[in-house]
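Below is one structure, written out as structure tokens; comments come after it.
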Amino acid sequence: MSWRRPGPVSGLGLGLAAGLLLLALASIGALIGAAGSGYGTASHTTGYIRHVAGFTFFQASLSALLSLALALPVARACWRRASKWNANLLILFAFLPVVMPTTVAATGLIGVWGQRGIMSQLLQSTGGPALPPVYGLGAVLLAHVFFNAPLMLRVLSSTLGGIPQAQWRLAAQWGLSDLERFAKIEWPTLKQVIPGLLALVFLLCFTSFSLVLMLGGGPAVTTLEVSIYTALRFDFDLPMAGKLALLQLMICAGVVILLTMLTGRSWPGAAGKTGQTLPQRGDNALSTRITDGVILAIFVCVTVLPLFAILWRGISPKLAAVLAWPAFWQATFTSLSIAVLSGLLATGIALVLASARSRRAVASLAVWPLDLAISLYLAVSAIVLGTGMFILLRTVADVFLLAPLLVLLGNMLVSLPFAYRILEGRLASLASTQDRLCAALDIRGWRRFSLVTLPALAPEIGYAAGLSSALSLGDMTIVALFGSQQFQTLPWLLYQTMARYRAGEAAALALLLLCLTLLLFTLFVLSAKLAGRRNYA
Amino acid sequence: MLNLFTWIMAAAVSLVAPATLAIAADKPVLTIYTYESFTSDWGPGPAIETAFEENCNCDLQFVSLDSSIGILGRVQLEGAESKADIVLGLDTNLMATARDTGLFAPHGTTLAGRTSLPVDFSDDVFVPFDWGHFAFVYNSETMAQPPVSMQELVDAPESLRIVIQDPRTATPGLGLLLWVKSVYGDDAPEAWAKLESKIVTVTKGWWDAYSMFLEGEADMVLSYSTSPAYHVIAESTDKYKAAAFSEGHYMQVEVAAMMKNAPQPELASQFMDFILDDGFQSVIPTTNWMYPAGKASVPEAFGDLITPARSLLFTPEQVAQNKSAWVAEWQGALSQ
């Protein structure tokens, strides 16, 4: 059974994953080993840290579960209504919240749920009172659902689309009820992606920072990331920051390992032609329509309205003023260059890693080392990675020259887990349909990859590259660490605008950033689709 | 595909190229580390650069970092090999810590008679470049009677909503912590416990809080007494006002210092002296929205701002010694 052998890509993938993980560990190590600690007394007592870690764990778990609780019914409703353009549109652009800079996203949320937000105005126009202030753990959870439910929706939808047509046909013939369909047909497939998704969202919420402070209502609602920042910046206690970063990494590793073990070694079954649904029993019943309508309405309120709030506020005469700034165009060029580069880089590496995973799965080898290594970049905060790399590199090279490369690397690491998840699911289902055929025809190695796999994978590659570049377009944490006068990105410009009271210009910039993100993403998705089609023809 | 590749390479080169240009330039380069908003198009950076370059036959370059504490962290990491000649944008709260690093050299400039600070300031290492008072800003159209003292704010009913910043992440947040401490001393935790019911939220950065206030999420926001001047000058509205508190207002003095191992020590000395000149100081009010530390005139709108009866300020040493303990105390009081 030679086609089951993992091949060289497995070794390459493992090596890459190990190398990148080592980079992250080296950054933490550099902090722990740094000489000299602390300006002040240690404000990080063991008891307090235990409390913060526990609370962060609780908050992140709840955020992940709530996101799933919203995304799962929405994904099912969208699948039922997949022929409708609005359901497809919802899924295609569901990535937008997660790529916005948090400060911008938060203003969108306040625009909907705040004292003078859309919801309060609706209530008041019907004679009711304004919404009470929403701040606290509840607001943080709402925000995390806003960011992550759309991401889950996207993956769950494509998983539902991967269930073989034959199974849907059987379900329709047997006249299975909605519940029976879920239990017998959808769940066995969904349960294979859900642990991975939960892990991803858990990590994102575990490391949340400015959003938690902004909406949390007070220092009692906090995360370990806040303590890491405090140790690193406020106390300049590098070893303590390193230790806290290590603690964060270990907790996240534990959760990822646990969830990966739940996933097992199986993968979603063969993908049929996606996007075709068969009418099922009860689909058109009034009760189903109403439930679907309510579910979609809730989803739109939570995830789409804030984006409209951002758009709405950005439309003003200031928009023209911003478009006339040379600084805006300079920053746009820099941002786009970084975004495209890191998007392509992340997708390329994710492709190697996902191929390695797929080959190893076929060969019945463990895939968890890959899953773990890739997820964990999300558990290393940008400020730790940035400061650690700075300490390690400044002795060997000019940091000013390295800054663009470090920003590129940092952005790439952040988007890698997303790109990996997108590609890995599709590769697994391709493997199950094409492996035997390709073995029989003796098409393998690079030839198979370029002739068979790549064209079929084109849409996912486009999506992964689009998402990765969109993510890095909205990132400002890493740039802020290395700053220099010449090196200005759009989020950085936005930040500078805010720091000078200019609310109107900031809103206009946020709008432009949102549009640019959409444009870049769409370009990637469309060009990949075209490339894929040309290869098939 | 080739086109895409060419474009990517061009983009990569264009990212790295600007950083190398500095090396190619023949004029000596004076490198100043500062915080991000200082160098923006509306910040003081561009005008100060032009004014200084007129007389120095040099190329002034700002390196902008994410915060004032970020500047100090950066030079500490770089140590003696730092490329910085000058750091600009530390404040009195960071002075003692910065001095203890031993990275900075005496400025050699005369301060006496050239400053206009409301408190005595003399230091051989740090030169003040601007100052301000922290204050709660409110909208006079929706709030007719703001609190007239910190005590009144502390005792105000819960319906008065304020938004503040975290002392661990934002300068005004630390300012308020020290303000409450200087008014209440050992009773500060009780004051914070009373304030808690009025705090809508505690944000990471100044703008997060300020934009929430502008959006109507709170009645008052912790900011600077000069904030209303921005709205008068740039937006022609005088509806935003700062509330004057009878106990006095806590101060921030922003300072600069030159590095002991500055690559261009002479230029650095020249710049340290330039800081209190008109070319630097006259730019400050309407770009950094603070009071100039030197004897420059301020725009008319500054005349309508509140003038606190007392300026409160701990010594840098007091802050350095106590700030971690005080932050822990603050956290405890607000986490009940």
Side-chain angles (χ1 to χ4, degrees), chain A residues 39-43 103 106-107 110-111 114-116 133 135 209-210 213-220 226 229-230 232-236 325 327 333-334 336-338 340-341 344 387 390-391 394 400-401 403-404 480-481 483-487 492-493 495-503 506, chain B residues 8 11-12 14-16 18-20 36-37 39-43 61-67 69-70 72-73 76-78 81 83 97 161 166 168-169 196 199-208 210-212 214-217 227 230 234 289 320-321 323-325 327-328 330-331 334-335:
Chain A
Y39 296 150
T41 53
S43 50
T103 313
T107 55
I110 291 168
Q115 300 287 291
R116 286 195 216 147
Y135 304 89
F209 180 3
S210 51
L213 286 185
M214 188 165 177
L215 301 174
V226 178
Y229 180 95
T230 307
L232 194 61
R233 280 294 168 81
F234 192 74
D235 296 328
F236 200 67
W325 294 344
F333 178 74
T334 309
L336 279 179
S337 309
I338 297 174
V340 170
L341 281 174
L344 291 177
T387 313
F390 187 88
I391 295 173
R394 69 177 189 86
F400 287 124
L401 289 177
L481 288 171
S484 80
Q485 196 176 20
Q486 297 90 351
F487 194 61
W492 187 236
L493 187 66
Y495 191 51
Q496 286 187 327
T497 313
M498 292 168 171
R500 279 292 159 267
Y501 290 92
R502 298 186 182 262
Chain B
I8 291 169
S14 72
L15 287 180
V16 180
T20 50
E36 100 293 317
S37 56
T39 62
S40 76
D41 283 355
W42 318 277
Q61 291 198 357
F62 288 111
V63 171
S64 57
L65 295 151
D66 64 343
S67 61
I69 199 154
L72 184 57
Q76 276 187 290
L77 287 178
E78 290 176 341
E81 297 109 60
K83 284 191 169 180
T97 316
R161 293 163 306 146
D166 196 308
R168 296 166 293 178
T169 56
E196 191 196 4
I199 297 173
V200 172
T201 198
V202 184
T203 65
K204 181 185 175 218
W206 165 81
W207 176 253
D208 291 342
Y210 203 82
S211 68
M212 284 169 84
L214 293 179
E215 288 299 311
E217 288 293 291
S227 299
Y230 168 79
W289 301 99
Q321 275 164 20
K323 70 173 185 177
S324 285
V327 164
W330 169 85
Q331 263 175 293
L334 283 190
S335 301

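Hydrogens, waters and symmetry mates play no part in the numbers below; they use all other heavy atoms, side chains included.
A donor-acceptor contact under 3.5 angstrom links the side chains of B:Ser324 and A:Asp235, judged on distance only.
To the nearest 0.5 Å, the span separating CG on B:Asp166 from CZ on A:Phe234 amounts to 9.0 Å. Rounding to the nearest 0.5 Å gives a distance of 11.0 Å between CD of B:Glu36 and CE of A:Met498. Taken from CZ in A:Phe236 to CG in B:Leu72, the straight-line distance is 7.5 Å, to the nearest 0.5 Å. Rounding to the nearest 0.5 Å places CZ of B:Arg161 at 9.0 Å from OH of A:Tyr135. Atom CD of B:Glu215 and atom OG1 of A:Thr107 lie 7.5 Å apart (nearest 0.5 Å).
Judged by distance alone, with hydrogens and angles left aside, the side-chain atoms of B:Glu217 form a donor-acceptor pair with the main-chain N or O of A:Gln115 at under 3.5 Å. Proximity of a side-chain donor or acceptor of B:Thr203 to a complementary backbone N or O of A:Met214 within less than 3.5 Å is not detected. Proximity of a side-chain donor or acceptor of B:Thr201 to a complementary backbone N or O of A:Leu213 within less than 3.5 Å is detected.
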Task: Full working for side-chain contact (heavy atoms from CB on, under 4.5 Å) between B:Ser37 and A:Tyr495 - done: CA-CA 8 Å; B:Ser37 56; A:Tyr495 191 51; over 6 Å; no
Task: Stepwise side-chain contact (heavy atoms from CB on, under 4.5 Å) test for B:Glu78 and A:Ile391 - done: CA-CA 8 Å; B:Glu78 290 176 341; A:Ile391 295 173; over 6 Å; no
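For the pair B:Thr169/A:Phe209, a side-chain contact is recorded, criterion being any heavy-atom separation below 4.5 Å from C-beta on. The side-chain heavy atoms of B:Thr39 and A:Gln496, taken from C-beta on, include a pair separated by under 4.5 Å.
By number of non-hydrogen pairs under 4.5 angstrom with chain A, the leading residue of B:Gly70, B:Gly43, B:Ser211 is B:Gly70. Of the listed residues B:Trp330, B:Trp42, B:Tyr210, B:Trp289, the one with more heavy-atom pairs under 4.5 angstrom with chain A than any other is B:Trp42.
Summarising the geometry of B:Leu214 relative to A:Ala503, their closest heavy-atom pair is CD1-CB, 4.2 Å, with the distance given to 0.1 Å. Closest approach of B:Tyr230 to A:Arg500, counting heavy atoms only: CE1-O, 4.0 Å. Nearest approach of B:Arg168 to A:Pro219, heavy atoms of both residues: NH2-CB, 4.2 Å.
Using a 4.5 Å cut-off between heavy atoms, B:Ser67 contacts chain A through its side chain alone, with no backbone atom that close. The part of A:Tyr229 that comes within reach of chain B is its side chain, from C-beta onward, which places non-hydrogen atoms under 4.5 angstrom from that chain. Looking at A:Leu232, there are no atoms closer than 4.5 Å to chain B (heavy atoms on both sides), in backbone or side chain.
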